[in-house]
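Working notes for the structure below.
Predicted model, so just to flag it, every value in this text is computed and none were measured. Residue numbers start from 1 in every chain, and the chains themselves are labelled A, B, ... in the order their sequence lines are given, proteins ahead of strands.
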Protein chains: 2
Amino acid sequence: MSTRKPAPARAAAARQGYHHGDLKNALQAAASKLLAQRGAEAVSLREISQAAGVSHAAAYRHYADKQALLADLAEAGFRDLAGINRQVTAATRGGPLEQLKACGRAYVEFGVRQPHLLQLMFGGVITGWESHAGLAQASGQLAETLAGIVASGQASGDIRAGDVGDLTLSAWSLVHGLALLIVGRRIPGMRMDAAFVKHAAAQCTTLLIEGLRAR
Amino acid sequence: MSTRKPAPARAAAARQGYHHGDLKNALQAAASKLLAQRGAEAVSLREISQAAGVSHAAAYRHYADKQALLADLAEAGFRDLAGINRQVTAATRGGPLEQLKACGRAYVEFGVRQPHLLQLMFGGVITGWESHAGLAQASGQLAETLAGIVASGQASGDIRAGDVGDLTLSAWSLVHGLALLIVGRRIPGMRMDAAFVKHAAAQCTTLLIEGLRAR
DNA sequence: ACCTGAACACCGTTCAAGT
DNA sequence: ACCTGAACACCGTTCAAGT
């Protein structure tokens with residue numbers, strides 16, 4: 001047993017409404033949960049604070065404003081998505097075109113799994129990305145991950161020659177657009193179930209690799 | 001001369017702060033202008049009402065709530081974009097693939113010209129599309145316009161066989177994703193000028209027609 | 001150093017009252 | 001029928017004050 005008693009001390013502090021211990025993470029967790037439930041515009045900072053068990057002004061000790069907290073959530077989303085891409089790439093056998101296909105499907109599935117998070121990451125709610133360094137960096141890492149797959153495909157001769165940035169942008173645009181059209185429910189006659197997502201992702205990524213394939 | 005004097009009567013009414021004449025259109029115009037300047041989340045209904053020269057409660061005589069007004073703007077955006085697609089299609093010679101290419105570029109240019117409107121149309125700010133019948137219809141018409149080009153390309157033998165909905169979704173996803181990535185400034189090293197937009201649209205639509213081309 | 005509670009200026013929405 | 005002004009319940013943000 002340790003001589004320090006952090007848990008009881010924290011509990012006592014919480015009882016008297018003081019010292020949260022790790023409020024920043026608690027705010028993130030509460031915000032993430034509420035975001036997933038109702039979307040960024042429908043959740044207030046006061047509600048997040050309440051869910052974290054502190055007064056509505058306490059968040060300002062850890063975040064400059066509401067946007068800074070949302071930016072943290074978006075950043076985590078970008079890191080998560082980039083990680084998924086790396087993982088899927090590593091786990092997929094059959095060459096770069098199959099990897100790209102698998103990543104595209106994973107990208108769309110990520111969006112369907114967390115629609116409100118995807119909207120936050122790309123929907124224009126967060127302004128002033130310059131002031132959130134980590135967010136811009138995480139977003140850039142996602143782009144780099146995709147570019148890496150394209151570059152390796154060119155090196156192996158599976159993907160045709162051309163500027164890596166241009167080809168990556170095309171591939172990214174396709175899966176990104178599909179994910180947002182699905183999440184935004186803009187596709188007529190769409191049933192938003194796993195089968196449709198799987199089908200649509202397969203169709204789109206097939207077109208993609210037809211366009212990218214070396215000939 | 002008519003015996004009725006609508007214009008002076010309206011002016012007199014306006015002087016005493018009553019009877020706007022065509023408040024609904026005035027609200028739309030004011031909202032559209034403010035949306036273009038600062039985006040949907042940064043503009044309040046009170047501000048729109050003030051810009052239209054009425055009290056902050058007057059808008060509720062014409063719109064159920066703020067969302068209904070925003071839905072009207074989004075609907076106009078969808079109709080505008082669908083009209084642009086039809087116009088570009090009619091004006092482009094050289095077959096369906098060239099038409100699709102031209103529409104893709106026009107789609108991206110529309111987004112770059114009106115980034116806040118594009119975000120409103122697709123960014124998830126408007127919830128409950130079911131309650132805005134005109135909006136859902138206008139969005140559907142845009143999809144139909146795109147599907148029409150794909151179908152005519154199949155009829156002429158330029159576009160390969162396959163489900164029209166699937167091929168249309170792929171084409172739409174590509175240009176839609178590109179437009180949103182550009183507007184959202186998510187492309188590393190991007191310069192958001194006309195030359196880049198032209199270049200990126202050309203690259204992406206080239207990949208698209210390679211993937212769609214009959215072989 | 002970290003949090004609270006009151007305060008400020010806003011916001012969307014409602015509603016009785018005016019013409 | 002159409003609009004106003006007051007009112008209500010919220011919100012983001014600030015700040016003196018508490019421990």
Task: Complementary nucleotide of dG12(C), counting Watson-Crick and G-U pairs under 3.5 Å - done: dC8(D)
Open item on the list: What is the separation between atom CZ on R61(B) and atom C1' on dT4(D), rounded to the nearest whole Å?
Closed with: 11 Å
Open item on the list: Expressed as a whole number of angstroms, how long is the span from D22(B):CG to dC2(D):P?
Closed with: 11 Å
- [ ] Report the nucleotide, chosen from dG12(D), dC3(C), dT14(C), that has the shortest atom-to-atom distance to any side-chain atom of Y60(A).
- [x] dG12(D)
TODO: Take the protein atom CD1 of I48(B) and the nucleotide atom C1' of dC10(C), then report the distance between them rounded to whole Å.
DONE: 15 Å
Task: Heavy atoms from other residues, nucleotides or ligands near CZ of R185(A) exceed 12 (cutoff 6.0 Å) - done: no
Open item on the list: What is the distance, to the nearest angstrom, from the CD atom on E47(B) to the P atom on dC11(C)?
Closed with: 7 Å
Task: Whole-Å distance separating the CG atom of L45(B) from the C1' atom of dC10(D) - done: 16 Å
TODO: When you get a sec, tell me which of dT14(D), dG5(D), dC3(C) is the closest nucleotide to the side chain of S55(B)?
DONE: dG5(D)
Task: Watson-Crick or G-U wobble partner of dC3(C), both distances under 3.5 Å - done: none
Task: For atom CD of Q50(A) and atom P of dG5(C), their distance in whole Å - done: 12 Å
Open item on the list: Using a 4.0 Å heavy-atom cut-off, does H56(B) contact any base of the nucleic acid, only the sugar-phosphate backbone, or nothing at all?
Closed with: base
Open item on the list: Is the positively charged end of R186(B) above the ring of W172(A), judged by distance under 6.0 angstrom from the centroid and angle within 45° of the axis?
Closed with: no
Task: 5' precedence on DNA chain C between A58(A) and R46(A) (nearest-nucleotide basis) - done: A58(A)
Task: Whole-Å gap separating C1' (dA9(C)) and CG (D65(A)) - done: 17 Å
Task: Mate of dA17(D) where both pairing distances stay under 3.5 Å, Watson-Crick or G-U - done: none
Task: The single option from Q114(A), M121(A), Q141(A) passing side-chain contact (heavy atoms from CB on, under 4.5 Å) against L81(A) - done: M121(A)
Open item on the list: Just to verify, which of L169(B), D166(B), D163(B) counts as forming a side-chain contact (heavy atoms from CB on, under 4.5 Å) with Q203(A)?
Closed with: D166(B)
Task: Nearest-Å distance for atom pair NE2/P, residues H62(B) and dC2(D) - done: 7 Å
- [ ] Establish, from distance only, whether the side-chain atoms of T92(A) and K101(A) form a donor-acceptor pair under 3.5 Å.
- [x] no
Open item on the list: What's S44(B) touching, base or sugar-phosphate or nothing? Going by heavy atoms closer than 4.0 Å.
Closed with: sugar-phosphate
